[in-house]
Amino acid sequence: MRMRLRRISAGAAVLAAAALFVAWAGIIDIRASTGHWRVTDWFLHWVMRSSVRTAALGGHAPRFTAAMLPLAAGHYETGCAGCHGSPAMPRPAAVENMLPPPPNLLHVNATWNDAELFEIVKFGVRYTGMPAWPSLERDDEVWAMVAFLREYPSLDQAAYQRLAGFSATASRDFAAIVKSCEGCHSPAGPDETSLIPRLTDQSETYLRDSLEAYATGKRPSGVMKVALSQTSSEDRRKLASYFASQSGPTETGRPSEILSRGKLLAERGDRTRGIAACAACHDAAGVNEAYPRLAGQPIPYLENQLGLFRSGNRGGGAYADVMTRAAAGLSDEDIQALAAYYGALPQD
């Protein structure tokens with residue numbers, strides 16, 4: 001018997017040492033981008049549901065009244081909508097890649113009873129980013145939120161904004177949206193070494209198409225998807241109109257030994273390599289307004305965009321495929337020359 005216990009203890013020690021070695025070796029994947037194994041996801045949710053169910057045993061909800069809803073709606077907009085979204089605005093794109101992602105509350109409420117919702121709202125859920133209620137002494141506030149969550153699936157945007165009041169309308173102030181955009185896209189233009197494009201002197205059509213492509217994911221960009229995730233289609237239309245009406249700097253071009261090569265490619269292309277002339281579509285009178293102006297854009301921005309088109313990762317509006325094909329034959333030197341040429345041109 002004593003020998004058997006020794007063997008069991010030795011085996012347990014070996015298993016513990018092996019587990020520590022695996023953890024130390026760094027081979028356990030903790031990247032949120034890869035997600036959980038299906039069995040891991042199931043197990044974690046099962047543990048969470050079981051914990052909430054047990055903790056909520058014996059809980060009794062008070063009588064819900066309409067008076068509870070405005071208080072809870074105002075807090076929901078300022079404290080909850082940033083992760084879960086709301087009828088006034090979808091949730092920010094950044095939280096979609098959280099692990100686990102915050103649930104859509106239109107669909108999950110029915111899977112919990114009132115006491116279980118109270119448990120989740122009051123105490124939060126460990127390892128998920130769901131925080132506890134800011135003041136654990138205020139059960140009345142928590143029950144008001146539970147009452148609100150019961151009404152939530154039936155609320156349209158207008159009803160939700162009436163309940164949430166100023167909290168749900170301030171974020172839609174267009175002047176605030178413009179100010180936020182101009183933090184990066186100043187009418188004076190970004191620094192010439194920036195990856196951020198100038199928006200001034202672009203057509204409203206191009207800007208509108210680009211904003212919609214970013215918002216829908218047709219033009220991939222984590223930065224722009226997040227920046228636009230709290231805007232409506234009408235906001236984006238107004239942004240396109242605003243920036244199209246702004247004028248940019250008119251400084252003269254900068255000298256560079258590769259300007260002549262860039263000018264040649266821009267004006268004539270290279271038929272032997274299947275490279276079309278850029279000037280056939282860009283910065284010419286009477287061309288399609290859905291095509292962007294390139295003159296005066298920061299050189300790093302132009303280089304980056306051409307590289308993305310060449311690799312097939314750029315995406316964009318209705319004519320993105322045209323540029324993907326046009327850039328396929330460009331070498332690194334071609335891209336540098338074209339960026340230098342267009343970056344040196346003044347914005348008219």
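Numbers here simply count residues along the sequence, with the first being 1.
Under the 4.5 Å side-chain criterion, counting only non-hydrogen atoms from C-beta, R314 is in contact with Q305. Between L155 and L163, some side-chain heavy-atom pair lies under the 4.5 Å cut-off. Side-chain contact between Y152 and P87 is present, with heavy atoms from C-beta onward closer than 4.5 Å. Side-chain contact check for E182 versus F243: some heavy-atom pair is nearer than 4.5 Å. M323 places a side-chain heavy atom less than 4.5 Å from the side chain of L306. The shortest side-chain heavy-atom distance between E303 and D332 does not fall under the 4.5 Å cut-off. Contact of the R150 side chain with the M145 side chain is not registered, since no non-hydrogen atoms from C-beta on lie closer than 4.5 Å. For the pair M89/E77, no side-chain contact is recorded, criterion being any heavy-atom separation below 4.5 Å from C-beta on.
L71 and F64 fall into different hydrophobic clusters, defined by Ile, Leu, Val, Met, Phe, Trp and Tyr side-chain heavy atoms under 4.5 Å apart, directly or through other members. Hydrophobic clustering (ILVMFWY, side-chain heavy atoms < 4.5 Å, transitive): V146 and M48 are in one cluster. Clustering ILVMFWY residues whenever any of their side-chain heavy atoms sit less than 4.5 angstrom apart, transitively, puts V121 in the very cluster that holds F118. In terms of hydrophobic clustering, with Ile, Leu, Val, Met, Phe, Trp and Tyr side chains grouped at heavy-atom distances under 4.5 Å, Y291 and L330 are assigned to different clusters. Linking ILVMFWY side-chain heavy atoms closer than 4.5 Å, directly or via other members, places W112 and L106 in a single hydrophobic cluster.
Nearest heavy-atom pair across A295 and P346 is CB-O, 3.6 Å. The nearest pair of heavy atoms linking G59 to A115 is O-CB, 3.8 Å. Between A327 and F309, the shortest heavy-atom contact is CB-CB, 3.8 Å. Here the closest heavy-atom approach between residue N97 and residue A32 is recorded as O-CB, 4.0 Å. A284 and A279 make their closest contact through CB-O, 3.7 Å (heavy atoms, listed as atom of the first residue, atom of the second, distance). In plain terms, the two heavy atoms of L265 and L338 that are nearest each other are CB-CD2, 3.7 Å.
Using a cutoff of 4.0 Å between basic side-chain nitrogens and carboxylate oxygens, E116 and R49 are not scored as salt-bridged. In summary, R236 and E212 engage in a salt bridge, as defined by a charged side-chain N under 4.0 Å from a carboxylate O. Under the 4.0 Å criterion applied to side-chain N and carboxylate O atoms, D283 and R293 are assigned as salt-bridge partners.
Ring planes of W46 and W42: parallel class, angle under 30° (limits at 30 and 60°). Note: F174 and Y242 have perpendicular aromatic rings, judged against thresholds of 30 and 60 degrees for the angle between ring planes.
Here the side chain of T54 pairs no donor or acceptor atom with the backbone of S51 at under 3.5 angstrom. The backbone N or O of Y206 sits less than 3.5 Å from a side-chain atom of S210, completing a donor-acceptor pair. H185 places a side-chain N or O within donor-acceptor distance of the main-chain N or O of P197, the cut-off being under 3.5 Å. A donor-acceptor contact shorter than 3.5 Å links the side chain of H84 to the backbone of P103. Between the side chain of T78 and the backbone N or O of G74, at least one donor-acceptor pair lies under 3.5 Å.
Residue L264 shares its hydrophobic cluster (ILVMFWY side chains chained together at separations under 4.5 Å) with no other residue.
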Verify side-chain hydrogen bond (donor to acceptor under 3.5 Å, both in side chains) between S135 and E137, making sure each step is shown before the conclusion. CA-CA 5 Å; S135 178; E137 294 79 17; 3.1 Å; yes

Yes or no on salt bridge (charged side-chain N to carboxylate O under 4.0 Å, His left out) for K263 and E267, after CA distance, side-chain angles and deciding distance? CA-CA 6 Å; K263 185 176 189 298; E267 295 181 350; 2.9 Å; yes

Report the C-alpha distance between D334 and S331 in whole Å, list the side-chain angles of each, state the deciding distance to 0.1 Å, and finish with yes or no for side-chain hydrogen bond (donor to acceptor under 3.5 Å, both in side chains). CA-CA 5 Å; D334 294 333; S331 66; 3.1 Å; yes

What do the steps show when you test D201 against Q246 for side-chain contact (heavy atoms from CB on, under 4.5 Å), and what is the final call? CA-CA 7 Å; D201 293 318; Q246 305 299 305; over 6 Å; no

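Between Y76 and F148, the ring centre distance stays below 6.0 Å.
Sorted by first and then second residue, the side-chain hydrogen bond (donor to acceptor under 3.5 Å, both in side chains) pairs with a member in residues 55-68 form an empty list; sequence neighbours excluded.
With sequence neighbours left out, the salt bridge (Lys or Arg N to Asp or Glu O under 4.0 Å) criterion links R325 to no other residue.
Residue Y319 qualifies as open at atom OH: its count of foreign heavy atoms under 6.0 Å is 12 or below. Under a cut-off of 6.0 angstrom, the local environment of CZ in R273 is crowded, with over 12 non-hydrogen atoms contributed by other residues, nucleotides or ligands.
The structure places OG of S233 at 9.5 Å from CZ of R208, a figure rounded to the nearest 0.5 Å.
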